[in-house]
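Scroll down for the structure; my scribbles are underneath it.
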Amino acid sequence: HVQLVESGGGLVQAGGSLRLSCAASGRTLSDFVMGWFRQAPGKERECVVRFIGITGSTYYAFPVEGRFTHSFDIAKNTAYLEMATLKPEDSAVYYCAIGTRISFRPELYEYWGQGTQVTVSA
């Protein structure tokens with residue numbers, strides 16, 4: 001049984017930082033493709049970071065490139081998303097997800113965290 005548990009969301013002022021955590025149990029995160037997704041009200045769920053465990057390669061979507069950083073603690077089987085210089089448009093529910101296919105499409109990810117709210121005030 002695979003479980004992803006997220007933590008770390010909250011309210012922050014524009015320009016501030018937050019760190020999200022995604023702790024996995026049941027499987028080893030590095031065996032999977034991992035995505036960080038976000039969904040704002042009325043918008044589709046979008047992939048902002050994609051990490052391929054086998055190669056170690058990380059893709060950052062243009063809106064977050066240079067501001068968000070994905071990292072991975074093998075010993076803790078936990079992934080992190082460091083978010084800096086946050087903007088109001090970053091406000092959304094953030095999800096971590098893992099799957100076996102290299103994709104940006106959320107429907108191709110098999111296991112999901114519960115989501116955590118990030119709100120950035122102007």
**Request:** Walk me through it: do Tyr59 and Cys47 pass the test side-chain contact (heavy atoms from CB on, under 4.5 Å)?
**Result:** CA-CA 10 Å; Tyr59 164 87; Cys47 183; 5.7 Å; no
Shared ILVMFWY cluster between [X] and [Y], side chains joined below 4.5 angstrom?
{"X": "Val5", "Y": "Ile74", "result": "no"}
{"X": "Tyr60", "Y": "Val118", "result": "yes"}
{"X": "Tyr80", "Y": "Val48", "result": "no"}
{"X": "Val49", "Y": "Ile52", "result": "no"}

**Residue list, side-chain hydrogen bond (donor to acceptor under 3.5 Å, both in side chains) with Arg27, at least two apart or on another chain** = none
**Prompt:** Hey, is the main chain of Ser121 close enough, under 3.5 Å, to the side chain of Gln13 for a donor-acceptor pair?
**Reply:** no
**Asked** Are the side chain of Thr78 and the backbone of Lys76 linked by a donor-acceptor contact shorter than 3.5 Å?
**Response** yes
State, to 0.1 Å, how close [X] and [Y] come at their nearest heavy-atom pair, and which atoms those are.
{"X": "Tyr94", "Y": "Met83", "answer": "CE2-SD, 3.9 Å"}
{"X": "Gln114", "Y": "Tyr95", "answer": "O-CE2, 3.9 Å"}
{"X": "His70", "Y": "Ala79", "answer": "CE1-CB, 3.8 Å"}
{"X": "Ser91", "Y": "Ala40", "answer": "O-CB, 3.7 Å"}
{"X": "Leu4", "Y": "Cys22", "answer": "CB-SG, 4.0 Å"}
{"X": "Asn77", "Y": "Ser25", "answer": "ND2-N, 4.4 Å"}

**Prompt:** Crowded around Glu89 CD? As in, over 12 foreign heavy atoms under 6.0 Å?
**Reply:** yes
**Item:** Test item: Arg67 and Asp90 side chains (from C-beta on) under 4.5 Å apart, heavy atoms
**Value:** yes
Using atom types as modelled, flag every donor-acceptor pair under 3.5 Å from a side chain in residues 98-106 to any protein atom, sequence neighbours excluded.
residue, atom, partner, partner atom, Å
Thr100, OG1, Glu110, OE2, 2.9
Ser103, OG, Arg105, N, 2.8
Arg105, NE, Glu107, OE2, 2.9
Arg105, NH2, Glu107, OE2, 3.2

**Prompt:** Phe37: what forms a ring pair (Phe, Tyr, Trp, His ring centres under 6.0 Å) with it, not counting sequence neighbours?
**Reply:** Tyr109, Trp112
**Request:** Kindly give the cluster partners of Ile54, where membership spreads through any ILVMFWY side chain lying under 4.5 Å from a current member.
**Result:** none
**Results of side-chain contact (heavy atoms from CB on, under 4.5 Å) for Ser17 - residues two or more places apart only** = Ala84
**Item:** Candidate pair Leu20 and Trp36, rule side-chain contact (heavy atoms from CB on, under 4.5 Å), full reasoning
**Value:** CA-CA 10 Å; Leu20 306 184; Trp36 288 95; 3.9 Å; yes
**Request:** To the nearest 0.5 Å, tell me how far Thr58 OG1 sits from Phe51 CZ.
**Result:** 5.5 Å
**Euclidean distance, Glu82 CD relative to Leu18 CG, rounded to 0.5 Å** = 9.5 Å
**Request:** Return the set of residues passing salt bridge (charged side-chain N to carboxylate O under 4.0 Å, His left out) with Glu46 (not counting sequence neighbours), or none when no residue passes.
**Result:** Arg38
**Stepwise side-chain contact (heavy atoms from CB on, under 4.5 Å) check, Met34 with Phe72** = CA-CA 10 Å; Met34 182 172 186; Phe72 179 57; 5.7 Å; no
